[in-house]
Undergrad: 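Provided herewith is a single structure, encoded as structure tokens, for subsequent inquiry.
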Amino acid sequence: MKTIGILTSGGDAPGMNAAIRAVVRSAIYYDCKVYGINRGYKGLLEEDLIEMDLSSVGDIIHRGGTILKSSRCEEFKTEEGRLKGVKILKKYKIDYLVVIGGDGSFNGAQKLSELGFPAIGIPGTIDNDLAYTDYTIGFDTAMNTIIEAIGKIRDTSSSHERVNIIEVMGRYCGDLALYSGLAGGAETIIVPEVNIEVEEICNKLNATKKRGKRHSIIVLAEGVGNAQDLGKEIVNQTGADLRITVLGHVQRGGSPSAFDRILASKMGVRAVELLLDGKAARVVGVKDNKIIDMEINKALSMKKEFDKDTHEMVKILSR
Ligand code: F6P
């Protein structure tokens with residue numbers, strides 16, 4: 001009988017629980033024993049492990065967050081920390097490790113594989129910043145959270161004839177801003193991948209104002225910089241009545257969308273099947289609506305391409 005360890009690491013994302021459920025239930029289906037490792041790599045180093053059974057993952061597919069908790073672990077970034085981790089995994093007779101998280105967590109999995117410990121990654125992050133996969137688990141739910149917020153802010157923006165900047169997460173990736181801005185009908189979307197001058201934003205505001213449109217939504221990706229500085233510049237140049245909303249961690253929570261639950265379930269099962277097939281040091285993803293897997297080294301070396309065409313298209317639509 002093989003034993004699989006599973007952990008969630010880095011920023012949590014809606015759908016992580018659905019992925020945990022899929023890994024645990026498919027592993028048990030294939031006669032494996034499963035250990036849940038609490039609080040990511042940190043919990044591993046603290047030997048915070050618990051054996052999981054079918055009912056450990058009952059009633060969680062719809063829940064946000066992660067029942068295994070998550071953390072970012074500095075100690076695991078060191079060789080010493082990782083060697084300690086492998087020792088603990090071996091102590092519990094764990095044969096394989098499934099890591100659900102973003103690029104930082106995948107780095108940990110890659111390093112474990114280099115030490116000869118078979119690990120596999122499932123992409124769980126709201127940022128959608130991994131180049132090898134079309135979608136990461138949590139992105140769709142976060143996008144829906146953002147468009148709900150944009151809709152509400154739009155109501156008051158329209159009543160008060162204001163300019164509203166809405167800052168969204170995504171780290172250095174503009175996907176959350178781009179697609180939620182498009183779906184939310186934002187007038188301007190500012191992302192790290194495309195340079196835009198404040199003057200251009202102000203010219204657009206002035207032009208639409210002349211046409212009688214007196215409110216405007218600007219979606220700003222956090223990776224671009226400070227919303228306060230941008231707001232001040234816009235007020236100086238246009239005299240607009242402007243408000244700023246930093247959506248923050250509300251974007252990380254909530255019940256996962258159907259899309260994220262389905263994606264997480266399919267990826268979880270694939271991860272277990274790959275490990276039992278003797279394939280490790282890989283990551284699972286989705287490309288053209290098909291579940292794929294790839295060498296972790298290759299996946300981490302790929303550079304994410306920003307969807308510039310859609311960003312351009314938004315300019316046509318948001319006038
Ligand atoms: O990677 C997910 C993410 O939510 C980013 O979008 C954001 O920059 C970061 O995590 C926030 O991290 P923390 O929860 O540690 O403040």
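Numbering of ligands and ligand atoms starts at 1, following listing order.
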Undergrad: Counting heavy atoms only, which of R252, M169, H249 comes nearest to atom 10 (O) of ligand 1?
TA: R252
Undergrad: Output the list of atoms in ligand 1 that are nearer than 4.0 Å to some heavy atom of R171, sorted by atom number.
TA: 1 (O), 6 (O), 9 (C), 10 (O)
Undergrad: Please walk me through it: do T141 and D260 pass side chain to side chain donor-acceptor pair (under 3.5 Å)?
TA: CA-CA 7 Å; T141 307; D260 278 330; 2.5 Å; yes
Undergrad: Could you check atom 12 (O) of ligand 1 against the protein and tell me its nearest heavy-atom contact, residue, atom and distance included?
TA: R72 NH2, 2.9 Å
Undergrad: Can you confirm whether L115 is buried at CG, in the sense that more than 12 heavy atoms of other residues, nucleotides or ligands lie under 6.0 Å from that atom?
TA: yes
Undergrad: Only one of D134, D127, D175, D103 passes salt bridge (charged side-chain N to carboxylate O under 4.0 Å, His left out) with K304; say which it is.
TA: D175
Undergrad: Would G11 count as a polar contact of ligand 1, with the cut-off being nitrogen or oxygen pairs under 3.5 Å?
TA: no
Undergrad: Please confirm whether G170 comes under 4.0 Å of ligand 1, counting heavy atoms of the residue only.
TA: yes
Undergrad: If you take all heavy atoms of E193 and K308, which pair is closest and at what distance?
TA: O-CE, 4.1 Å
Undergrad: Considering only non-hydrogen protein atoms, determine which one is nearest to atom 8 (O) of ligand 1 and report residue, atom name and distance to 0.1 Å.
TA: E222 OE2, 2.5 Å
Undergrad: Do D12 and S70 have side-chain atoms, one donor and one acceptor, less than 3.5 Å apart?
TA: no
Undergrad: Nearest protein heavy atom to atom 6 (O) of ligand 1, by residue and atom, and its distance?
TA: D127 OD1, 2.7 Å
Undergrad: Would you indicate whether the side-chain heavy atoms of R82 and E114 approach each other to under 4.5 Å?
TA: no
